[in-house]
Every structure is written in C-alpha cells, then in structure tokens.
Amino acid sequence: MRYDLVLFDNDGVLVDSEPISNRLLAAYLTELGHPTSYEDSIRDYMGSAMHRVHDLVEERTGQRLPADFDDVFHARVFAAFERELKPVAGVMDVLEKLAADGVPYCVASSGSHERIRVGHRTTGLDRWFDDERIFSSQDVGRGKPAPDLFLYAAGRMGVAPERCVVVEDSPLGVQAAVAAGMDVYGFTAMTPAGKLSGVTGLFEDMRELAALLDGDPSGN
C-alpha cells in the first residue's frame, strides 16, 4: 500500500444512499415551492453539506427554507434508509482487505454524524467504523468543496495530507481532496468521469479499488 491513510466519502461510496436522498430532497424542495428534479438535486447538491441546500435556495429565490427543513428531511431519509439502504457493492471486500493489511482508514462525509451512523447500522458497516474513524462536516466550519474536513480527519488520524488518498464520487468532494493536497480516486458509478476533473484515477466498480490503492493501474 502506497498510502498511510484512506479517507472514504460516505454517501455513494460506502452506502448506496445518493439515489434515495436525492429523490427525497428533490421531492421535498418541490413540495415547498422550489421545483427540483432528481437530476437537479444530483447536479447541485450531491456530496455537499445541508447548508449548501439552504444557501442555494436563498440565493436563487430570495426565500429561506423552513427552520425545521433539516429535521423533516432527515426523518424522511432515515425512514427510507431503513427500508431500502444497501452498502455499495464490493465495499465490504475493500474494507476487509484494508483491515487485514493493517492500512488505516476512516470516513469523512458531508453528512451529519447521525446520518453516517444510521446508514452504517442499517447496512452492517458499523463493524468497520468506530467513533474514532468517523468524521463529519459538523466537525469543521466549512464543508466540501473546502478542504477543511479532509485536513481535519487526516490530522486526527495523525497522517500528513500528502500520504493520504481520498475515495470520492462527487465533484465537490474531489475539489476538496485536491485542495487538501491529497490524491483522490473518483468513483464513477453515478457521476460521469468528465465531471470528476483533477482526480488521480477513476474507477467504475468498487472491486477495482483495492488494486488501484496498491498502485496497480490495471486493477489486477
């Protein structure tokens, strides 16, 4: 392994939550009088913290979202997670290999601590991530695309940024990793490769990741 720390995004990388949460976000914004399609939500909000939703809506419409917007949205998302959420196919094998090889890893997510933990409990990923391996945008002042979260997580894990690699699936997350001075592999299962500019490498199937992290670009 050529890295001392692997930082995983959560939504779309560890748990297959992006289709669920963006479907519900688009529906809720539309319900509140801000017409939003699923595609709009993916384009504007995928990989971002909740404050971006509030900021963009206010910037575009001059209206603020309701004070209870986050609570209502998360209640809907968590209920859907209980019914539908699955781990990303192949990610358990990646985590098992990292653990067997003794490679440190963590999650650094735009989602809240509660969202991360609900998703992990539902999918069984909680066995791989104790509290010391979970970092949220709630822990820092600025979420992605600012580098703050990745730098904070690396600092807490005791690893220099240049020895870190990030696994991301959103343009905002890739921007944050690049700004942090870290290598970043872009997961293209949901995001077109052309939108993940600046990455160290790209992969479409999670089963390819372990070989990439080991420095084999062929994925073998």
Side-chain angles (χ1 to χ4, degrees), residues 1-18 22 42-49 52 87-91 93-95 97-98 101 103-111 116 119 125 128-129 133-137 139-220:
M1 173 65 65
R2 56 191 175 132
Y3 299 105
D4 295 335
L5 177 65
V6 182
L7 299 94
F8 290 94
D9 177 42
N10 188 57
D11 294 292
V13 171
L14 295 176
V15 294
D16 194 16
S17 54
E18 294 291 11
N22 282 284
I42 291 286
R43 181 194 66 222
D44 292 340
Y45 305 121
M46 181 172 160
S48 68
R52 179 176 170 86
V88 167
V91 79
D93 293 334
V94 174
L95 294 170
K97 184 178 188 305
L98 291 176
D101 292 348
V103 178
Y105 63 88
C106 65
V107 58
S109 171
S110 292
I116 297 166
L125 282 166
W128 301 103
F129 291 93
R133 296 178 191 263
I134 296 176
F135 303 98
S136 160
S137 61
D139 300 326
V140 294
R142 300 180 300 167
K144 305 170 189 178
D148 304 35
L149 175 57
F150 289 138
L151 292 172
Y152 173 77
R156 288 288 301 273
M157 297 291 288
V159 179
E162 62 270 19
R163 298 298 306 156
C164 296
V165 62
V166 175
V167 184
E168 264 288 355
D169 70 330
S170 76
L172 294 175
V174 168
Q175 291 173 44
V178 171
M182 300 176 181
D183 280 1
V184 54
Y185 283 96
F187 184 38
T188 61
M190 278 192 63
T191 306
K195 294 190 180 234
L196 300 178
S197 60
V199 295
T200 308
L202 296 163
F203 67 105
E204 187 176 9
D205 188 317
M206 191 58 69
R207 290 171 293 187
E208 303 168 34
L209 179 59
L212 289 172
L213 295 178
D214 278 336
D216 181 357
S218 70
N220 296 319

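Quantities reported herein were computed from a predicted structural model and do not represent experimental measurements.
- Of the residues listed (Leu14, Leu95, Val91), the one engaging Trp128 in a side-chain contact (heavy atoms from CB on, under 4.5 Å) is Leu95, and it is the only one.
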- Message: Test side chain to side chain contact (heavy atoms under 4.5 Å, CB included) on Asn10 and Val15; report intermediate values, then the result.
- Response: CA-CA 6 Å; Asn10 188 57; Val15 294; 3.7 Å; yes
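- At a threshold of 4.5 Å between non-hydrogen side-chain atoms, the residues Asn22 and Met190 do not count as touching.
- Looking at Arg207, its side chain never comes within 3.5 Å of a backbone N or O of Ala89 through a donor-acceptor pair.
- For the residue pair Arg2 and Asp214, the shortest heavy atom distance occurs at NE-C, 4.5 Å.
- Residues Val6 and Val94 form no side-chain contact, since every pair of their non-hydrogen atoms from C-beta on lies 4.5 Å or further apart.
- Ionic pairing of Lys144 and Asp9 is present here: one or more N-O contacts between side-chain nitrogen and carboxylate oxygen are shorter than 4.0 angstrom.
- A heavy-atom distance below 4.5 Å is found between the side chains of Leu172 and Arg52.
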- Item | Chi angles and distances behind the side chain to side chain donor-acceptor pair (under 3.5 Å) call for Thr191, Asp169 | CA-CA 6 Å; Thr191 306; Asp169 70 330; 5.0 Å; no
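- The shortest distance between side-chain heavy atoms of Phe8 and Leu98 falls below 4.5 Å.
- Taking both residues in full, the closest heavy atoms of Leu5 and Ala154 are given as CD2-CA, 4.0 Å, listed atom of the first, atom of the second, then distance.
- Between Phe135 and Leu149 the shortest side-chain heavy-atom distance falls below 4.5 Å.
- Minimum heavy-atom separation, Ala180 to Phe150: CB-CB, 4.2 Å.
- Applying the ring-ring contact (aromatic ring centres under 6.0 Å, His included) criterion to Tyr45, with sequence neighbours excluded, gives no partner residue.
- The number of heavy atoms from other shown groups lying within 6.0 Å of CZ (Arg43) is above 12.
- If you take OG on Ser137 and CD1 on Ile116, they are separated by 7.5 Å, rounding to the nearest 0.5 Å.
- Looking at heavy atoms from C-beta onward, Val165 lies out of side-chain contact with Thr200 at the 4.5 angstrom threshold.
- Taking a 6.0 Å sphere around CD of Glu162, one finds it holds more than 12 heavy atoms contributed by other residues, nucleotides or ligands.
- Scanning both residues, Leu7 and Cys164, for their nearest heavy atoms gives CD1-CB, 3.6 Å.
- Within the 4.5 Å cutoff, side-chain heavy atoms of Leu213 are placed close to those of Tyr185.
- Note: Phe187 CZ to Asp205 CG = 7.0 Å, rounded to the nearest 0.5 Å.
- Across Ala210 and Lys97, no two heavy atoms sit closer than the pair CB-CD, 3.7 Å.
- Every residue meeting the ring-ring contact (aromatic ring centres under 6.0 Å, His included) condition with Phe129, not counting sequence neighbours, appears here in chain and number order: Tyr105, His120.
- In this structure, the side chains of Val184 and Val178 come closer than 4.5 Å at one or more pairs of heavy atoms.
- Taking every heavy atom of both residues into account, Leu202 and Ala193 meet most closely at CD1-CB, 3.6 Å.
- Looking only at distances, no side-chain donor or acceptor of Ser109 sits under 3.5 Å from a matching main-chain atom of Ser136.
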